[in-house]
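Below is one structure, written out as structure tokens; the observations come after it.
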Amino acid sequence: MAIVKMELVSLTAESSMLEAVLEKCCESGCFQMENAITALPVSGKRSLQLLNDKNPYEVPLKGLASIATELDITLRETNTQACKLETDEDFNRFNDSLENSLRAAAVRKQEALRIISERKGAVKQIEHLQGLNEQFDRIFSCKHVHVRVGKLPLESRAKLEYYDKNFFFVPFDTDRSYCWGMYFCPKESKDIVDDIFTSLFFEVIRIPDFVTGNTAEAFERLEAEIKEQEKVARDAETELRCFADVHDGDIQRAYSKLVHKRDIFNLRKKVGVLRDKVFIKGFIPLKEKDRFAKLFEDLPGAELTFMPPDADSSCKPPTVLKNSWFTRPYSMLVEMYGLPDYTGYNPTAFVAITYTLLFGVMFGDLGQGFIIFLLGLLIGTKVHKQFGGMMTRCGVSSMIFGTIYGSVFGMEELLDPVFEGIGIDFLPLHPFKNTTFILLTAVAMGAALIIISMILNIIIGFKEHDIERAVFSNNGIAGLIFYSSIGGGLVATIMFDVKVMSAPFVLFLIVIPAICIFCRVPFAAAVKYKELRLSEDGEKMTVGNFIVENFFEMFEYALSYVSNTMSFLRVGGFVLSHAGMMLVVTSLMGMVGSGAKLPVMIIGNAFVMIMEGMIVAIQIIRLEFYEIFSRFYSGDGKPFEPVKAEFTTELD
Amino acid sequence: MLDSFSTNATVAKIRSIYGSMLTRDDFREMISKRNVAEIVDFLSSTKRFAEPLKDIDPNTIHRGFLESRLMRFSIDTYLRLTSFQGLEDKPFYNYLIKKIECRQLISLVNAVNNGLNDSFVTSLPSYVFKGSKLDLIACARCRSIPEVTNVLKGTAYYKVFKSFELDENGRADLTDAELKLRTKYFSDLLASIKESFFGSEREEITEVVRREVDIINMINAYRMKAYFGYSPEEIKKSSLPFSQLSKRAMDHVYESEDAPAMLTSIRKTVYGKEMTDEQDSIESGMSLRALRYMRHTIARSTSTPVVLYAFMYICETELKNIVRVVEGVRYDVDSALIEKMLII
């Protein structure tokens, strides 16, 4: 249950071998590439530089994708072995040959579509002039009358009555926003009237030259033209389809190969170059070292150097979680929060145990647990392996605790005879008869989990040589003593009537740890730097500021101890809520006739399983992330993303 | 109290619309556009303005029409909100129409005084025809204030127009007319609040209105002092007779020796908090203060009239900002300068 060991690989090769080297890196499937250089080169010196070439495959790739779209070909990943094209020029030539062959048909189709769109636009405009029964050319050729066709915002129409100038507006059609029509005025008043209409936001519509006759005639002519052009477009389309059928295979192969080549070329951005040598570095899992080295054996001039993962401080090793069969599904939750650092602690096992335990406690039912287990098996094989895995484990836990509670599909008395028969008298633990016990146990469980989290934090702190974190922080030794002493003291005094809160107890186990937490920064600085500092980063801080800041922080810590512990009350709360909801289901079963009992039971159980199951699952995630992880875990690791060339039809 | 709870749905609706209003980033994106068509295209792609601009062609729309369209959308939103739970029966909820009427009448006085009737009609927002009972087209045909007064006979504005001081050509003193019309609007508004609401709700909405008046008074006082050298008495006489601040505090502002001293006095009041030395004008700081106050009001208040009033104020500011961006982009003003002019 740890983190997979990594190895830093440094790869040097001749520039001419670069493409082959990158191919091998992708083929390995386990190489995470890092930037060959992280700092800018020193000016004036000829040093290692990143390859920053423009990807030559982008242009042919886009071209081919556009040809495929034009030919209505659905692109899919295809075996590229039969494709003889290699360089970007080969691909460009291939595209050109395709384009030349289909140009005539494509141009015909585009021209037809252009005319159709233009004519349809004209139809749309003329539709609004349906009331006009006069020839367009006759209207526009008037010698003394100025005419404008267009649309007037409805808002402006009311204002027309204000003007007593010599013009008139003839409306033809009205939609939601505009009134379509034309206005007439003598040619000598043209400027004034145009100004008036412009100020009223009248938008002039230019009637295209190809529109002649009156509205009805124009309509007829335009419709006929549209039909004719649609036929031209259809014929061109058929021609293109025949072409596509013939060349589909070639296009699919060329596209797949181009995508692969483009992706391989993109990796060059991280490659360093110095004269005729290229330099690549990255990480591989240690266990893949031999296989990786073997891949490059037949590449002349390629030299591999393996180093420990921390050999290069400029790049951080990625994290791959190593988990057992039981804990593996729970890595999903850890990844959701953030991976641990490469040298950090893998909390998956802790999460697996606590999550399974808490789920069982909160959702204990033998029958429902079994259903969840079966569903988990099904989902694990058909839908989502990790989620299914979590469900099976939680299902088993639910069955165990269901047996303890004596609950089978909400029937709380079903297991009583079994326990009596075995002779166990303290079981089953009926939730409603042991409410206080369940709630106190939930809080105790929470306190235990918090203490374990603190111990983990102390171990991690010492491992990282962070004295403040391990010793003086609220989750360090001081915090642990403070929290355990107060908790233990209160329990002993209130529940067992043992007076442990003596003066030395309070002084050594509560006051001194509290002082340590309050002064964690100067104390840690005293240990680390052998001097007393009020702030870690050397920032100026007055004593007054220090006291105020830490007073509020202490207050927050104290509050978080209480609230985090009390937060676990929900565990007990859900035990009771589950029993309560099932009580409702059994009561409903009692209210209906014998024929309806089974459906009520099935629907009721399904409802509780779906609703409460989801709420419990989410609540536990909350407890894990907020109450537990916040004490010891920081998910600042880097995910492991090996380089690969992936087929895609989406282009930038 | 029950009445107030029964209109909670309106408050929720307002907050939901408020959430879709343009953000600073949206304005930045608008400023980065090259022309008005691109701005209109952007606006029509936003959730906020998709509906009013859905059948508009961005390439042909005139920016004046765009402004009118958006303003009309604002009014339509207001009418929708008030009719949602049948609030329009209360006199208070007619305030927006009265506000627009008041503005148009001030503009009409100026137009008639200067013979600019045609431009008045051109700039007359058409949404006024929808909600107002005034015949503004008939008013626009008048060539003198007595003629306008005659047309307004039978309306609430007749008495106000009758009280205007006229010169021998029948022209009214615009400052006097503006003050009288605004006073009428605000006194009617405060009276309608008194009539429509009770208790803390009445106090809350009264405070919001009075604060708006304070800001108007302070901006006017500063302008009168800085640009026209008015005396404290003249300023007091030209101010709206309502205030949320105490009379003493307002007098302290009015009685400042000169413009810088007045600015200092204003800065000391609750309204001067957002004023900085970088701002070009007093309006920026004061408007920003008002905007923040209205935003805060929307967030904290549960009273429908208060939230609605604050919301409409914010809508108006949003529209002003859009107009500034449109004008700025149209006339190729520097992006940084346009952004500086926005009240966000």
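The figures that follow rest on heavy atoms only: side chains count, while hydrogens, waters and symmetry mates do not. Residue numbering restarts at 1 for every chain, and letters A, B, ... go by the order of the sequence lines.
Atom CD of Glu220(A) has 12 or fewer heavy atoms from other residues, nucleotides or ligands within 6.0 Å. In the displayed structure, Glu553(A) atom CD is contacted under 6.0 Å by more than 12 heavy atoms of other residues, nucleotides or ligands. Within 6.0 Å of atom NZ in Lys187(A), more than 12 heavy atoms from other residues, nucleotides or ligands are found, so the atom counts as buried in its surroundings.
Under a 3.5 Å cut-off, the side chain of Lys159(A) and the backbone N or O of Leu124(B) do form a donor-acceptor pair.
In this structure the side chain of Phe201(A) never reaches within 4.5 angstrom of the side chain of Thr122(B), judged on heavy atoms.
Side-chain polar atoms of Asn117(B) and Tyr162(A) form no donor-acceptor pair below 3.5 angstrom.
Going from atom CG of Leu200(A) over to atom NE2 of His62(B) covers 11.0 Å, rounded to the nearest 0.5 Å.
The two residues Asp118(B) and Tyr163(A) make their nearest non-hydrogen contact at O-OH, 4.1 Å.
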